[in-house]
Amino acid sequence: MLSHVTTTLCVLVSLATAHFSIEYPEMRGDSFATGASQYIYPCANVNQTANTNRTIWPLTGGSLNLDLHHPWTYVFINLGLGTDYPSLNISLTPEFLNATGNGTLCLPEVKIPASVNVKDGQNATLQVVTLGETGSALYNCADITFSSKGATLDGDKCKTNGVTVAAIKQQVNGSSTTSSPSSTESGANPSSTKASAAVSGREANSMLVAGAVAGMGAVVVSWLL
Ligand SMILES: [Cu+2]
């Protein structure tokens, strides 16, 4: 029933602009166009071409502005280094986000992990994954070029409206760990994290931590789990 309701919601919403979109950096292309589908991994079946839009991003990380259309969603952000269809194997959200409400969610600075060596002029792809209660994920990508000339968005161009966001924290014996929150969680309210979400977050985080580079504390925690 829930999935039916969700599907109906998606269909209704899709009459306007369904699912979600990346407002900044510019999306690779129109994932609402014929032949594209946000259900298709990794980038909604939007192909890269020589004319692919690329936005300059700071070497240490940049702004990400999402337009979310579902009542709530989990948000994961991944990075792939390279020009053509890089593997999106670097997690930028070791603590993924629980976003509630539809509207804009602007993250002023999504940080590149310190251990990831990003070079001036290097091309890369950002993949944003959103996940709802049915477990089916939605994908959109934005292609970027890292540049020492890149800058994060000014505050007036990076506003969150209608969406509240909390990071999904790892838990040990029912209490939150002290793993440092990423910079993507301004306005996060850990106390609103639900226990059930934290459990699935723990499992997902173990995988994310393995593939990505999180703080040593998080690594130790994932071993303990
Ligand atoms: Cu939808």
Item checked: Backbone N/O of Asn51 and side chain of Thr49: donor-acceptor pair under 3.5 Å -> yes

Note to self: Looking at Ser37 and Tyr39, would you say the former's side chain and the latter's main chain have a donor-acceptor pair under 3.5 Å?
What the structure shows: yes

Next item on the list: Using the test side-chain hydrogen bond (donor to acceptor under 3.5 Å, both in side chains), find all partners of Gln122 that sit at least two apart in sequence or belong to another chain.
Entry: none

Check: Tell me the disulfide bond (SG atoms under 2.5 Å apart) pairs involving residues 122-173, sequence neighbours left out?
Finding: Cys43-Cys141, Cys106-Cys158

Notebook entry, point to check: Going by the disulfide bond (SG atoms under 2.5 Å apart) test, which pairs reach into residues 57-87, not counting sequence neighbours?
Noted result: none

Notebook entry, point to check: Which pairs, with at least one residue in residues 36-53 and sequence neighbours excluded, count as a salt bridge (Lys or Arg N to Asp or Glu O under 4.0 Å)?
Noted result: none

Item checked: side-chain hydrogen bond (donor to acceptor under 3.5 Å, both in side chains) against Ser147, all qualifying residues, sequence neighbours excluded -> none

Next item on the list: Enumerate the residue pairs fulfilling ring-ring contact (aromatic ring centres under 6.0 Å, His included) with a member in residues 123-150, sequence neighbours excluded, ordered by first and then second residue.
Entry: Tyr41-Tyr139

Item checked: With Ile22 via side-chain contact (heavy atoms from CB on, under 4.5 Å) - residues at least two apart -> Phe20, Pro25, Met27, Leu64, Leu66, Val128, Asn140, Ala142

Checklist line | For Thr34, side-chain contact (heavy atoms from CB on, under 4.5 Å) partners two or more places apart | finding: none

Notebook entry, point to check: Do the side chains of Thr73 and Leu68 get nearer than 4.5 Å, heavy atoms only?
Noted result: yes

Notebook entry, point to check: Quick one: salt bridge (Lys or Arg N to Asp or Glu O under 4.0 Å) pairs with a partner in residues 24-43, sequence neighbours left out?
Noted result: Arg28-Asp143

Item checked: Summary of side-chain hydrogen bond (donor to acceptor under 3.5 Å, both in side chains) pairs that have at least one residue in residues 148-158, sequence neighbours excluded -> Asp120-Ser148

Note to self: The criterion is side-chain hydrogen bond (donor to acceptor under 3.5 Å, both in side chains); which residues satisfy it with Thr60, sequence neighbours excluded?
What the structure shows: none

Check: Between the main-chain N or O of Lys159 and the side-chain N or O of Thr104, is there a donor-acceptor pair closer than 3.5 Å?
Finding: yes

Check: Taking only residues two or more places apart in sequence or in another chain, which ones pass side-chain hydrogen bond (donor to acceptor under 3.5 Å, both in side chains) with Thr145?
Finding: Asn123

Note to self: Keeping Ser63 on the side-chain end and Pro108 on the backbone end, is there a donor-acceptor pair under 3.5 Å?
What the structure shows: yes

